[in-house]
S.K.: 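Sharing a structure with you now.
Chain naming here is simple, since letters A, B, ... match the order of the sequence lines and numbering starts at 1 in each.
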Number of protein chains: 2
Amino acid sequence: MKLYGMTDSGNCYKPRLVMAMLDIPYEHVETSSRDGTTRRPDYLAKNANGKVPLLELDDGRCIAESNAILLYLAEGTRLLPEERYERALVYQWLFFEQYSHEPHVAVRRSLLKYPERAKLATPERLSETLEGGNRALDVMERQLERSPFLAGAAMSVADISLYAYTHDASGGGFDLSAFPAVSRWLKQVEDDPGYVPMEPRRA
Amino acid sequence: MKLYGMTDSGNCYKPRLVMAMLDIPYEHVETSSRDGTTRRPDYLAKNANGKVPLLELDDGRCIAESNAILLYLAEGTRLLPEERYERALVYQWLFFEQYSHEPHVAVRRSLLKYPERAKLATPERLSETLEGGNRALDVMERQLERSPFLAGAAMSVADISLYAYTHDASGGGFDLSAFPAVSRWLKQVEDDPGYVPMEPRRA
């Protein structure tokens with residue numbers, strides 16, 4: 001399998017982390033959505049939506065959307081429950097991540113981190129994403145006060161998905177000390193024997 | 001089962017349409033996110049994210065997020081494939097819907113439709129959502145030129161999810177005549193024997 005993605009993108013980190021935890025071999029193909037690569041015809045033929053990450057199977061078939069890739073990879077493993085309601089809760093948190101969390105927590109980080117996005121970082125946009133991100137972190141806090149992981153007692157791809165941008169939320173100006181249950185949960189994910197960091201640690 | 005939702009919301013229409021197609025009985029509880037109901041403590045106890053739709057099972061357990069509800073309802077039915085890759089494509093389109101389609105196509109409709117949102121309808125916002133919505137419709141068009149339904153030969157919850165706001169895209173100022181494959185596909189969904197419209201037809 002090949003994974004097209006950017007090292008410093010949380011969405012691209014999600015499948016890398018799941019494949020590390022599940023010990024699935026793959027080839028990483030560094031592919032930037034910031035230099036136009038994902039808008040080139042050869043890439044658009046693989047993903048008409050022109051985004052990363054993208055998983056290419058050995059037979060050439062592709063799967064786009066980070067959370068769809070996670071569900072595909074985790075099928076039949078410890079990271080995705082079989083039971084119908086438990087599974088529905090995993091789905092619930094994955095859609096929460098893409099609709100209520102990423103557009104605030106990740107977008108605010110990108111507005112502050114990437115020089116080419118600085119002109120989009122208006123006071124309204126920074127205030128909107130700060131408010132939306134804190135609201136999302138608060139929803140996670142309420143759940144994590146009641147269960148060890150988001151969808152219950154065991155870690156699932158819902159945790160991996162929400163870990164990706166939450167663990168670096170301070171890069172978007174969020175204060176995680178206001179969310180003690182979230183902070184405890186971040187450490188639990190990092191305690192998994194297969195855990196790998198987003199960017200390789202420098203020597 | 002109880003479904004909390006608003007009649008004129010596309011996100012709330014999705015599970016109503018799936019339950020009609022699958023002949024699943026339920027009680028509809030009209031619940032508005034525009035009058036503060038979804039921010040009241042009794043509702044927040046069911047869904048900490050304070051949004052509709054919400055599915056409440058007979059034992060009181062709840063599932064939030066429209067597309068998670070669709071996956072839950074469709075498990076084991078004709079609307080969700082068993083085969084792992086086909087299923088992954090359904091997931092892919094459901095995440096595409098929430099990230100790349102709804103925030104443009106549905107949001108532009110709400111900016112134009114609801115008087116209380118008029119002050120948010122700035123020229124920048126209207127132009128951004130028009131561009132993003134047309135881009136999403138174009139991604140759908142490319143797929144629907146190649147297959148009858150989004151995830152392949154058969155209708156799935158991916159089609160129901162994307163139907164919800166696409167069928168009313170003209171309410172957001174989108175011109176569907178520029179997307180002939182999308183227009184053909186809308187009719188195919190409406191041809192399903194279990195199809196019901198978003199708002200009850202007036203006599």
S.K.: Could you tell me if the side chain of B/Tyr91 sits less than 4.5 Å from the side chain of A/Ile63, heavy atoms only?
M.R.: no

S.K.: Atom CG of B/Asn49 and atom NE2 of A/His101: how far apart are they, to the nearest 0.5 Å?
M.R.: 11.0 Å

S.K.: With a 4.5 Å heavy-atom cut-off, do B/Leu57 and A/Tyr85 have their side chains touching?
M.R.: yes

S.K.: Where does A/Leu70 contact chain B at under 4.5 Å (heavy atoms): side chain, backbone, both or neither?
M.R.: neither

S.K.: Roughly how far apart are A/Leu94 CG and B/Leu94 CG, rounded to 0.5 Å?
M.R.: 11.0 Å

S.K.: Picking from B/Trp93, B/Tyr72, B/Phe95, which has the most non-hydrogen pairs under 4.5 angstrom with chain A?
M.R.: B/Phe95

S.K.: Looking at A/Gly50, A/Ser66, A/Ser100, A/Gly76, which makes the most heavy-atom pairs under 4.5 Å with chain B?
M.R.: A/Ser100

S.K.: Can you tell me which of A/Arg135, A/Gln143, A/Arg84 forms the most heavy-atom pairs within a distance under 4.5 Å of chain B?
M.R.: A/Arg84

S.K.: Considering only heavy atoms, which portion of A/Glu102 lies under 4.5 Å from any heavy atom of chain B: side chain, backbone, both, or neither?
M.R.: side chain

S.K.: Might you confirm whether atom CG of B/Asp191 has over 12 heavy atoms from other residues, nucleotides or ligands at distances under 6.0 Å?
M.R.: yes

S.K.: Is A/Leu89 in contact with chain B via its backbone, its side chain, both, or neither, using a 4.5 Å heavy-atom distance?
M.R.: side chain

S.K.: Let me know if A/Arg87 has heavy atoms under 4.5 Å from chain B in its side chain, its backbone, both or neither.
M.R.: side chain

S.K.: Apply the side-chain contact (heavy atoms from CB on, under 4.5 Å) test between B/Phe96 and each candidate in A/Glu65, A/Gln98, A/Lys51; give the one that qualifies.
M.R.: A/Glu65

S.K.: Sort out for me which of A/Ala136, A/Ala48, A/Ala64, A/Pro103 touches chain B most, counting heavy-atom pairs under 4.5 Å.
M.R.: A/Ala64

S.K.: Answer with side chain, backbone, both or neither: which region of A/Arg142 has an atom nearer than 4.5 Å to a non-hydrogen atom of chain B?
M.R.: side chain

S.K.: Is the number of heavy atoms from other residues, nucleotides or ligands under 6.0 Å of A/Glu83 CD greater than 12?
M.R.: yes

